[in-house]
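Structure first, then comments.
Reckoned from all heavy atoms, side chains included, excluding hydrogens, waters and symmetry mates. One-based numbering, in listed order, for ligands and for the atoms of each.
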Amino acid sequence: MLIKKSEDIKSSEITPQELYLNRRQFMLSASVTAVSAGAALAGFDLFRGASQALAAEQISNLKKSSYSTSEKQNSFKDITNYNNFYELGPDKEDPAANAKYLTPIRPWTVAVEGEVKKPKTYDIDALTKLSPLEERVYRLRCVEAWSMVIPWIGFPLNTLIKLAEPTGNAKFIQFVTLHDPKRMPGQKLPIMEWPYVEGLRMDEAMHPLTILSVGLYGQVLPPQNGAPIRVVVPWKYGFKSIKSIVKIRFVEKQPPASWNMMQPQEYGFYSNVNPEVDHPRWTQATERRIGEFLRRKTLMFNGYGDQVAQLYSGMDLKKFY
Ligand SMILES: Nc1nc2c(c(=O)[nH]1)N[C@H]1C(S)=C(S)[C@@H](COP(=O)(O)O)O[C@H]1N2
Ligand SMILES: [Mo]
């Protein structure tokens with residue numbers, strides 16, 4: 001009966017959510033032959049989707065990065081159950097609970113466009129193969145004064161930038177998250193302007209610490225952490241590390257950034273971690289590492305000052321917060 005049903009639906013009419021449910025149904029009730037027939041008819045690889053929904057795909061042959069911190073890593077449970085991802089809900093527990101809406105995570109493309117000689121729309125699987133994947137254990141410092149240590153998997157954003165060949169006009173890069181309220185139900189709520197957007201100055205984007213992440217803890221990125229691909233900029237407050245991106249646009253002027261647009265007095269464009277510049281409503285001098293009881297001192301540039309301070313030499317960081 002299930003197979004009959006899938007024959008009746010044109011693949012173009014199947015929403016990701018329905019597809020996800022269908023795959024689950026196939027997994028639970030159909031025989032192997034029936035699944036293959038159904039898959040062929042619907043034009044989808046059902047096995048792949050089903051296994052994605054039930055067990056995470058592992059990533060092997062990872063290079064270890066010299067940029068990694070040796071600090072104690074937060075648990076997989078903390079990293080995947082205490083999240084900020086408004087597209088999947090406003091509370092810290094929401095993104096894990098609503099991860100199912102963003103599954104399956106294929107098809108997915110990322111458009112590289114704007115002031116570049118080689119604009120290109122990459123399929124996510126091709127994009128992931130551009131560069132050897134590394135494990136990068138970074139501190140993440142949220143503007144809400146908590147932090148975590150996360151073993152990301154990814155590659156330097158500058159690999160992609162070099163392939164795109166920016167023109168002389170490319171001074172900044174804008175990043176754009178997927179806008180699809182069906183897969184991102186939080187976008188039905190008027191809590192932000194959608195889609196979420198962020199930006200970096202070109203030299204920040206080119207810095208070897210800035211990565212595109214496609215996984216963590218040895219497996220593909222869970223939806224709640226920004227699957228299938230997100231930015232990670234470890235010396236800036238967490239909100240600069242935009243999740244689930246579909247567009248990377250090279251621009252001449254400083255691009256709009258979601259939190260900066262919403263509350264410009266509270267969130268600047270640069271948003272470098274800075275214990276000396278308090279948020280108007282709370283201190284940034286200390287932070288609570290998730291899983292710990294005592295607060296620790298927040299470090300300038302989140303402890304990455306040796307590598308990045310020179311990017312801001314001569315700038316008044318109280319003005320450009
Ligand atoms: N698209 C999008 N990206 C986002 C957010 C968001 O709400 N939407 N939240 C940001 C914030 S405030 C933080 S602290 C980090 C959290 O990343 P993590 O959940 O993987 O730890 O994601 C950032 N990226
Ligand atoms: Mo954050």
Note to self: Nearest non-hydrogen contact with atom 8 (N) of ligand 1 belongs to which option: E87, K243, E144?
What the structure shows: E87
Checklist line | Pair E252 + K171, salt bridge at N-O below 4.0 Å | finding: no
Next item on the list: Going by heavy-atom distance to atom 24 (N) of ligand 1, choose the closest among G238, P95, S241.
Entry: S241
Checklist line | Proximal ligand 1 atoms for C142, defined as those under 4.0 Å from one of its heavy atoms | finding: 14 (S)
Margin query: Out of all atoms in ligand 1, which are within 4.0 Å of some heavy atom of N83? Include the element for each.
Written below: 18 (P), 19 (O)
Note to self: Which of the numbered atoms in ligand 1 are under 4.0 angstrom from any heavy atom belonging to I242?
What the structure shows: 3 (N), 24 (N)
Margin query: Using every non-hydrogen atom in the two residues, find where W108 and D123 come nearest and quote the distance to one decimal.
Written below: O-OD1, 3.6 Å
Margin query: Could you work out, for atom 5 (C) of ligand 1, the closest of D78, N84, I245 by heavy-atom distance?
Written below: N84
Next item on the list: Please round to the nearest 0.5 Å and tell me the distance separating atom CD of Q307 and atom CG of L209.
Entry: 5.0 Å
Margin query: Taking R296 first and then E71, would you say they form a salt bridge - that is, a charged N and a carboxylate O separated by under 4.0 Å?
Written below: yes
Note to self: If the contact criterion is a heavy-atom separation under 4.0 Å, does M148 count as touching ligand 1?
What the structure shows: no
Item checked: Residues E287, R295: salt bridge by 4.0 Å N-O rule -> no
Notebook entry, point to check: Which ligand 1 atoms, with their elements, are less than 4.0 angstrom from a heavy-atom of T177?
Noted result: 1 (N)
Notebook entry, point to check: Evaluating non-hydrogen atoms only, which member of Y196, W152, F175 is closest to atom 6 (C) of ligand 1?
Noted result: Y196
Note to self: Tell me whether K77 at atom NZ has more than 12 heavy atoms from other residues, nucleotides or ligands lying less than 6.0 Å away.
What the structure shows: no
Next item on the list: Count the heavy atoms of every other residue, nucleotide or ligand shown that sit under 6.0 Å from CD of E193, and state whether that count exceeds 12.
Entry: no
Next item on the list: Would you mind checking which non-hydrogen protein atom is closest to atom 7 (O) of ligand 1, with the distance to 0.1 Å?
Entry: Y86 N, 2.8 Å
